[in-house]
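Below: the structure, in structure tokens.
Counting begins at 1 with the first residue of the sequence.
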Amino acid sequence: MSETSENEKDQFFYPIGRYRGDFSPQRLAFNANLQEFAQRIGIICSLETGGKISPDEAYDQIKALWKQLKASKSALIDTPQDRPELPPEE
């Protein structure tokens with residue numbers, strides 16, 4: 001298979017949407033992680049629906065992906081410079 005058709009196949013199976021919103025490298029990276037999460041969830045659901053994996057295995061895989069996404073958010077988005085400053089309490 002040629003390099004071009006391989007790239008086209010990857011783009012078909014793993015489409016990447018454009019990032020829209022306030023730009024920062026961290027937000028762009030998290031957006032890519034979020035899109036990959038959504039794609040992998042769809043694949044896992046399809047495998048479970050098709051009887052290729054058990055519901056318990058699907059649940060465990062989704063739970064592991066969710067933990068990875070939460071860790072990604074904590075590392076990339078939940079940083080002090082991204083949080084708005086609150087006014088002082090009176």
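Every residue two or more places apart in sequence or in another chain that forms a side-chain contact (heavy atoms from CB on, under 4.5 Å) with E57 is listed here: I53, S54, Q61. With sequence neighbours left out, the side-chain hydrogen bond (donor to acceptor under 3.5 Å, both in side chains) criterion links E48 to no other residue.
The two residues L76 and Q26 make their nearest non-hydrogen contact at O-CB, 3.2 Å.
At a threshold of 4.5 Å between side-chain heavy atoms, the hydrophobic network of Ile, Leu, Val, Met, Phe, Trp and Tyr places L34 and I62 in one connected group. A continuous path of Ile, Leu, Val, Met, Phe, Trp and Tyr side chains, each step under 4.5 Å between heavy atoms, connects F37 with I43, placing both in one hydrophobic cluster.
For the atom pair CD1 of I44 and OG1 of T49, the computed distance is 11.5 Å after rounding to the nearest 0.5 Å. Here the straight-line distance linking atom CD1 of I41 with atom CG of L69 works out to 9.0 Å at 0.5 Å rounding.
Here side-chain hydrogen bond (donor to acceptor under 3.5 Å, both in side chains) pairs that include residues 63-73, with residues two or more places apart or in two chains, are N33-S72, K73-D78.
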Could you go step by step and tell me if L28 and S24 meet the side-chain contact (heavy atoms from CB on, under 4.5 Å) rule?
CA-CA 6 Å; L28 182 64; S24 75; over 6 Å; no
